[in-house]
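Starting from 1, each residue takes its place in the sequence as its number.
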Amino acid sequence: MKKKSYAKINLTLDSLFKREDDYHEIDSIMAKIDLYDEITINKNFTDKINIKTNMKDLEVDENNLVYKAWILLKDLIEKKEKSGVDVYIKKNIPIASGLAGGSSNAAYTLMALNEIFNLNLSKEYLMSIAKKIGADVSFFFCEKIARAQGIGEVLTPFENKLDLNILLLNDKTKIKSKKVYQKLKNYGIIDTEEIINKLEAGDFSAIYDFKNVMEDVVFEMFPHLKDIKNELKSLRCEIAMVSGSGGSIFGVFKEKESLKSAYEKLKDKYYFVSEVSLL
(Lines give C-alpha, C1' and ligand atoms only; values in the text may rest on other atoms or scores of the structure.)
Protein backbone atom coordinates (compact mmCIF):
# COMPACT_ATOMS: atom_id res chain seq x y z
CA MET A 1 0.00 0.00 0.00
CA LYS A 2 1.18 3.50 -0.82
CA LYS A 3 0.25 6.71 0.99
CA LYS A 4 1.01 10.34 0.33
CA SER A 5 2.07 11.81 3.67
CA TYR A 6 1.41 15.55 3.43
CA ALA A 7 3.30 18.35 5.18
CA LYS A 8 1.61 21.22 6.97
CA ILE A 9 2.31 24.87 7.67
CA ASN A 10 1.06 27.06 10.51
CA LEU A 11 -0.63 30.16 9.15
CA THR A 12 -0.72 31.39 12.73
CA LEU A 13 0.81 30.04 15.92
CA ASP A 14 0.12 31.49 19.35
CA SER A 15 1.04 30.14 22.77
CA LEU A 16 -1.39 31.04 25.54
CA PHE A 17 0.44 29.70 28.58
CA LYS A 18 2.72 26.95 29.81
CA ARG A 19 0.85 24.10 31.47
CA GLU A 20 1.87 22.22 34.60
CA ASP A 21 2.81 19.21 32.48
CA ASP A 22 5.36 21.42 30.63
CA TYR A 23 3.31 21.44 27.44
CA HIS A 24 2.19 24.77 26.02
CA GLU A 25 -1.44 25.59 25.40
CA ILE A 26 -1.56 26.78 21.80
CA ASP A 27 -3.97 28.44 19.39
CA SER A 28 -2.98 27.87 15.78
CA ILE A 29 -4.30 27.62 12.24
CA MET A 30 -2.84 24.54 10.58
CA ALA A 31 -3.10 23.78 6.88
CA LYS A 32 -1.91 20.79 4.88
CA ILE A 33 0.08 21.61 1.75
CA ASP A 34 0.70 19.63 -1.43
CA LEU A 35 4.25 18.72 -0.45
CA TYR A 36 4.39 15.10 0.66
CA ASP A 37 6.55 12.12 1.59
CA GLU A 38 5.77 8.82 -0.10
CA ILE A 39 5.17 5.88 2.24
CA THR A 40 5.02 2.27 1.02
CA ILE A 41 3.80 -0.32 3.53
CA ASN A 42 3.55 -4.06 2.94
CA LYS A 43 3.01 -7.06 5.18
CA ASN A 44 5.99 -9.28 5.99
CA PHE A 45 6.30 -12.72 7.58
CA THR A 46 7.50 -11.53 10.99
CA ASP A 47 5.78 -9.78 13.89
CA LYS A 48 8.05 -6.76 13.59
CA ILE A 49 8.22 -3.49 11.69
CA ASN A 50 11.14 -2.84 9.38
CA ILE A 51 11.59 0.83 8.43
CA LYS A 52 13.83 2.12 5.65
CA THR A 53 14.19 5.56 4.14
CA ASN A 54 16.10 7.37 1.42
CA MET A 55 17.63 9.74 4.03
CA LYS A 56 20.91 8.59 5.55
CA ASP A 57 20.63 10.92 8.56
CA LEU A 58 17.08 9.93 9.52
CA GLU A 59 16.91 7.67 12.55
CA VAL A 60 14.56 4.71 12.17
CA ASP A 61 14.89 3.25 15.67
CA GLU A 62 12.29 3.00 18.45
CA ASN A 63 12.15 6.80 18.72
CA ASN A 64 10.91 7.15 15.16
CA LEU A 65 7.26 8.25 15.07
CA VAL A 66 6.33 5.61 12.48
CA TYR A 67 7.63 2.95 14.86
CA LYS A 68 5.51 4.46 17.65
CA ALA A 69 2.46 4.34 15.38
CA TRP A 70 3.10 0.63 14.83
CA ILE A 71 3.38 -0.01 18.58
CA LEU A 72 -0.01 1.65 19.18
CA LEU A 73 -1.77 -0.82 16.88
CA LYS A 74 0.47 -3.88 17.28
CA ASP A 75 -1.74 -5.65 19.85
CA LEU A 76 -4.85 -5.17 17.73
CA ILE A 77 -3.01 -6.42 14.65
CA GLU A 78 -1.80 -9.56 16.46
CA LYS A 79 -5.42 -10.43 17.27
CA LYS A 80 -6.09 -10.50 13.53
CA GLU A 81 -2.94 -12.22 12.29
CA LYS A 82 0.72 -12.70 13.11
CA SER A 83 2.32 -10.35 10.64
CA GLY A 84 4.67 -7.39 10.64
CA VAL A 85 5.24 -4.70 8.04
CA ASP A 86 7.99 -3.37 5.84
CA VAL A 87 7.88 0.40 5.57
CA TYR A 88 9.77 2.49 3.06
CA ILE A 89 9.62 6.28 3.39
CA LYS A 90 10.74 8.43 0.50
CA LYS A 91 11.38 11.74 2.25
CA ASN A 92 10.60 14.89 0.31
CA ILE A 93 9.69 17.02 3.33
CA PRO A 94 12.78 18.59 4.95
CA ILE A 95 13.54 17.12 8.38
CA ALA A 96 13.04 19.12 11.63
CA SER A 97 11.79 22.00 9.53
CA GLY A 98 8.51 23.06 11.14
CA LEU A 99 6.52 21.18 8.49
CA ALA A 100 5.60 18.19 10.72
CA GLY A 101 6.94 15.55 8.36
CA GLY A 102 7.47 13.02 11.14
CA SER A 103 4.01 13.59 12.61
CA SER A 104 2.49 13.26 9.16
CA ASN A 105 4.34 9.98 8.56
CA ALA A 106 2.97 8.61 11.84
CA ALA A 107 -0.61 9.64 11.03
CA TYR A 108 -0.60 8.14 7.55
CA THR A 109 1.00 4.97 8.91
CA LEU A 110 -1.90 4.61 11.35
CA MET A 111 -4.33 5.04 8.44
CA ALA A 112 -2.47 2.47 6.32
CA LEU A 113 -2.24 -0.14 9.10
CA ASN A 114 -5.96 0.26 9.77
CA GLU A 115 -6.67 -0.50 6.10
CA ILE A 116 -4.08 -3.23 5.52
CA PHE A 117 -5.18 -5.30 8.53
CA ASN A 118 -8.92 -4.49 8.27
CA LEU A 119 -9.01 -3.20 11.85
CA ASN A 120 -12.12 -1.09 11.12
CA LEU A 121 -11.07 1.59 13.57
CA SER A 122 -12.91 4.89 13.30
CA LYS A 123 -11.17 8.11 12.38
CA GLU A 124 -12.16 9.48 15.79
CA TYR A 125 -10.46 6.56 17.55
CA LEU A 126 -7.30 6.93 15.50
CA MET A 127 -7.21 10.66 16.23
CA SER A 128 -7.59 9.97 19.96
CA ILE A 129 -4.60 7.61 20.06
CA ALA A 130 -2.53 9.67 17.63
CA LYS A 131 -1.96 12.36 20.26
CA LYS A 132 0.03 9.79 22.25
CA ILE A 133 2.66 9.98 19.52
CA GLY A 134 2.81 13.76 19.20
CA ALA A 135 0.71 16.86 19.70
CA ASP A 136 0.08 17.57 16.01
CA VAL A 137 -0.31 14.00 14.69
CA SER A 138 -4.12 14.12 15.05
CA PHE A 139 -4.32 17.11 12.71
CA PHE A 140 -3.47 15.00 9.66
CA PHE A 141 -6.79 13.17 9.97
CA CYS A 142 -8.56 16.46 9.21
CA GLU A 143 -9.59 16.87 5.59
CA LYS A 144 -9.64 20.67 5.83
CA ILE A 145 -7.68 23.51 7.31
CA ALA A 146 -8.26 23.59 11.06
CA ARG A 147 -7.88 25.63 14.21
CA ALA A 148 -5.72 23.68 16.67
CA GLN A 149 -6.06 24.31 20.39
CA GLY A 150 -5.06 22.54 23.58
CA ILE A 151 -1.59 21.16 22.85
CA GLY A 152 -2.63 20.84 19.20
CA GLU A 153 -5.06 17.96 19.55
CA VAL A 154 -8.30 19.98 19.91
CA LEU A 155 -9.21 20.54 16.27
CA THR A 156 -11.92 22.64 14.64
CA PRO A 157 -11.92 22.35 10.83
CA PHE A 158 -13.34 25.26 8.85
CA GLU A 159 -13.87 26.30 5.24
CA ASN A 160 -11.07 28.43 3.81
CA LYS A 161 -12.14 30.42 0.74
CA LEU A 162 -8.84 32.21 0.17
CA ASP A 163 -6.39 30.94 -2.45
CA LEU A 164 -2.80 31.65 -1.42
CA ASN A 165 0.31 31.87 -3.59
CA ILE A 166 3.00 30.42 -1.33
CA LEU A 167 6.74 29.98 -1.78
CA LEU A 168 8.40 27.67 0.76
CA LEU A 169 12.13 27.81 1.60
CA ASN A 170 14.37 25.64 3.71
CA ASP A 171 18.16 25.89 4.02
CA LYS A 172 18.53 22.57 5.92
CA THR A 173 18.56 24.22 9.35
CA LYS A 174 17.19 21.67 11.84
CA ILE A 175 15.40 22.98 14.93
CA LYS A 176 14.08 21.01 17.91
CA SER A 177 10.66 22.30 18.97
CA LYS A 178 11.35 21.71 22.66
CA LYS A 179 14.26 24.15 22.70
CA VAL A 180 12.16 26.88 21.07
CA TYR A 181 9.29 26.41 23.51
CA GLN A 182 11.70 26.57 26.45
CA LYS A 183 12.77 30.08 25.41
CA LEU A 184 9.33 31.37 24.42
CA LYS A 185 8.63 34.94 25.52
CA ASN A 186 5.36 36.02 23.84
CA TYR A 187 1.93 34.72 24.82
CA GLY A 188 -1.63 35.37 23.68
CA ILE A 189 -1.04 38.06 21.08
CA ILE A 190 -2.98 36.74 18.04
CA ASP A 191 -6.70 37.15 17.31
CA THR A 192 -7.08 33.71 15.74
CA GLU A 193 -10.87 33.91 15.55
CA GLU A 194 -10.76 37.14 13.53
CA ILE A 195 -8.30 35.59 11.07
CA ILE A 196 -10.55 32.55 10.64
CA ASN A 197 -13.52 34.81 9.92
CA LYS A 198 -11.52 36.51 7.17
CA LEU A 199 -10.35 33.22 5.67
CA GLU A 200 -13.93 31.93 5.63
CA ALA A 201 -14.95 35.10 3.80
CA GLY A 202 -12.06 34.89 1.30
CA ASP A 203 -10.70 38.21 2.58
CA PHE A 204 -7.07 38.61 1.45
CA SER A 205 -6.34 41.02 4.31
CA ALA A 206 -6.27 37.94 6.58
CA ILE A 207 -2.67 37.33 5.57
CA TYR A 208 -1.50 40.58 7.17
CA ASP A 209 -2.64 39.20 10.53
CA PHE A 210 -0.67 35.95 10.20
CA LYS A 211 1.85 35.72 13.01
CA ASN A 212 4.03 33.15 14.75
CA VAL A 213 5.05 33.86 18.35
CA MET A 214 7.94 31.42 17.93
CA GLU A 215 9.71 33.64 15.41
CA ASP A 216 11.59 35.87 17.85
CA VAL A 217 13.09 32.83 19.57
CA VAL A 218 13.89 31.09 16.27
CA PHE A 219 15.65 34.22 14.96
CA GLU A 220 17.53 34.63 18.23
CA MET A 221 18.81 31.06 17.96
CA PHE A 222 19.40 31.17 14.18
CA PRO A 223 19.85 34.82 13.05
CA HIS A 224 20.51 33.82 9.43
CA LEU A 225 16.87 32.70 9.12
CA LYS A 226 15.76 36.28 9.62
CA ASP A 227 17.95 37.21 6.65
CA ILE A 228 16.07 34.64 4.56
CA LYS A 229 12.76 36.12 5.68
CA ASN A 230 13.91 39.61 4.76
CA GLU A 231 15.16 38.37 1.40
CA LEU A 232 11.73 36.93 0.66
CA LYS A 233 10.07 40.19 1.64
CA SER A 234 12.39 42.09 -0.70
CA LEU A 235 11.07 40.03 -3.62
CA ARG A 236 7.56 41.51 -3.55
CA CYS A 237 6.31 39.05 -0.96
CA GLU A 238 3.35 40.38 1.04
CA ILE A 239 4.27 38.56 4.24
CA ALA A 240 6.93 36.00 5.21
CA MET A 241 7.13 33.93 8.37
CA VAL A 242 8.52 30.83 10.03
CA SER A 243 6.29 27.77 9.99
CA GLY A 244 5.81 26.18 13.39
CA SER A 245 8.97 26.05 15.48
CA GLY A 246 11.17 24.82 12.67
CA GLY A 247 13.51 26.24 10.11
CA SER A 248 11.21 26.58 7.11
CA ILE A 249 10.06 30.01 6.00
CA PHE A 250 7.16 30.64 3.67
CA GLY A 251 6.10 33.75 1.82
CA VAL A 252 2.65 34.68 0.59
CA PHE A 253 2.50 36.58 -2.70
CA LYS A 254 -0.40 38.62 -4.04
CA GLU A 255 0.47 37.89 -7.66
CA LYS A 256 1.47 34.56 -9.18
CA GLU A 257 3.98 36.35 -11.40
CA SER A 258 5.81 37.76 -8.37
CA LEU A 259 6.03 34.29 -6.87
CA LYS A 260 7.44 32.84 -10.11
CA SER A 261 10.02 35.62 -10.26
CA ALA A 262 11.10 35.02 -6.65
CA TYR A 263 11.32 31.28 -7.30
CA GLU A 264 13.67 31.80 -10.24
CA LYS A 265 15.95 33.99 -8.12
CA LEU A 266 16.05 31.62 -5.14
CA LYS A 267 15.73 28.11 -6.59
CA ASP A 268 19.47 27.45 -6.77
CA LYS A 269 20.38 29.34 -3.61
CA TYR A 270 18.75 27.19 -0.93
CA TYR A 271 18.42 23.49 -0.15
CA PHE A 272 14.67 23.47 -0.72
CA VAL A 273 12.62 26.03 -2.67
CA SER A 274 9.14 25.17 -3.87
CA GLU A 275 5.81 26.70 -4.75
CA VAL A 276 3.14 25.01 -2.62
CA SER A 277 -0.63 25.15 -2.35
CA LEU A 278 -3.00 24.56 0.53
CA LEU A 279 -5.06 21.37 0.31
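Side-chain atoms of Met111 and Met1, non-hydrogen and from C-beta on, never get closer than 4.5 Å to each other.
Checked for salt-bridge contact, Glu78 and Lys74 meet the test: a charged N lies under 4.0 Å from a carboxylate O. We find that Glu81 and Lys43 are joined by a salt bridge, their nearest charged nitrogen and carboxylate oxygen being less than 4.0 Å apart. With respect to Lys2 and Glu38, no salt bridge is recorded, no charged nitrogen being found less than 4.0 Å from a carboxylate O. Between Lys90 and Asp37 there is no salt bridge, since none of the side-chain N atoms of the basic residue sits less than 4.0 Å from a carboxylate O of the acidic one. By the 4.0 Å N-to-carboxylate-O rule, Glu62 lies too far from Lys68 to be salt-bridged with it. Between Lys256 and Glu275 a salt bridge is recorded (basic side-chain N to carboxylate O distance below 4.0 Å).
Heavy-atom neighbours of Arg236 CZ from other residues, nucleotides or ligands within 6.0 Å: at or below the threshold of 12. Taking a 6.0 Å sphere around CZ of Phe17, one finds it holds more than 12 heavy atoms contributed by other residues, nucleotides or ligands. Applying the 6.0 Å contact sphere to NZ of Lys131 captures no more than 12 heavy atoms from other residues, nucleotides or ligands. Annotation for Asp163: atom CG does not count as buried by contact number, only 12 or fewer foreign heavy atoms lying within 6.0 Å. Around the NZ atom of Lys211, the shell of radius 6.0 Å holds no more than 12 heavy atoms that belong to other residues, nucleotides or ligands.
At distances below 3.5 Å, at least one donor-acceptor pair connects side-chain atoms of Thr46 with backbone N or O atoms of Lys48. In this structure a side-chain-to-backbone donor-acceptor pair under 3.5 Å is missing from Asp86 to Ile49. With Ser83 contributing its side chain and Asn44 its backbone, the two residues share a donor-acceptor pair below 3.5 Å. Judged by distance alone, the side chain of Lys233 and the main-chain N or O of Ala240 form no donor-acceptor pair under 3.5 Å.
Tyr88 and Ile95 fall into different hydrophobic clusters, where Ile, Leu, Val, Met, Phe, Trp and Tyr side chains are chained together by heavy-atom contacts under 4.5 Å. Under the 4.5 Å side-chain heavy-atom criterion for grouping Ile, Leu, Val, Met, Phe, Trp and Tyr, Met214 is not connected to Tyr23 through any hydrophobic cluster. Each of Val154 and Phe140 belongs to its own hydrophobic cluster when Ile, Leu, Val, Met, Phe, Trp and Tyr are linked at side-chain heavy-atom distances under 4.5 angstrom.
For the atom pair CE of Met241 and CG of Leu13, the computed distance is 7.5 Å after rounding to the nearest 0.5 Å.
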What verdict does the side chain to side chain contact (heavy atoms under 4.5 Å, CB included) test give for Leu169 and Phe250, after you've listed the backbone C-alpha separation in whole Å, the side-chain angles of each residue and the deciding distance to 0.1 Å?
CA-CA 6 Å; Leu169 277 68; Phe250 68 90; over 6 Å; no
Does Leu155 form a side chain to side chain contact (heavy atoms under 4.5 Å, CB included) with Gln149? I'd like the steps, not just the answer.
CA-CA 6 Å; Leu155 297 157; Gln149 296 170 283; over 6 Å; no
With side chain to side chain contact (heavy atoms under 4.5 Å, CB included) as the test, would you mind laying out the steps for Leu162 and Phe204 before giving the verdict?
CA-CA 7 Å; Leu162 184 62; Phe204 188 78; 4.1 Å; yes
Please report the C-alpha distance between Asp14 and Tyr187 in whole Å, then the side-chain angles of each, then the deciding distance to 0.1 Å, and finally whether the side chain to side chain contact (heavy atoms under 4.5 Å, CB included) criterion is met.
CA-CA 7 Å; Asp14 202 358; Tyr187 292 88; 5.6 Å; no
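By the ring pair (Phe, Tyr, Trp, His ring centres under 6.0 Å) test, Tyr36 pairs with Tyr6, sequence neighbours left out.
A donor-acceptor contact closer than 3.5 angstrom links the side chains of Asn186 and Asp216. The closest side-chain donor-acceptor pair between Glu238 and Tyr208 falls under 3.5 angstrom. Side-chain contact of Ser248 with Ser243: a donor-acceptor pair under 3.5 Å is absent, judged by distance alone. Judged by distance alone, the side chains of Tyr270 and Glu231 do bring a donor and an acceptor atom under 3.5 Å apart.
Screening Lys179, Lys183, Lys185 against Glu220 for a salt bridge (charged side-chain N to carboxylate O under 4.0 Å, His left out) leaves a single residue, Lys185.
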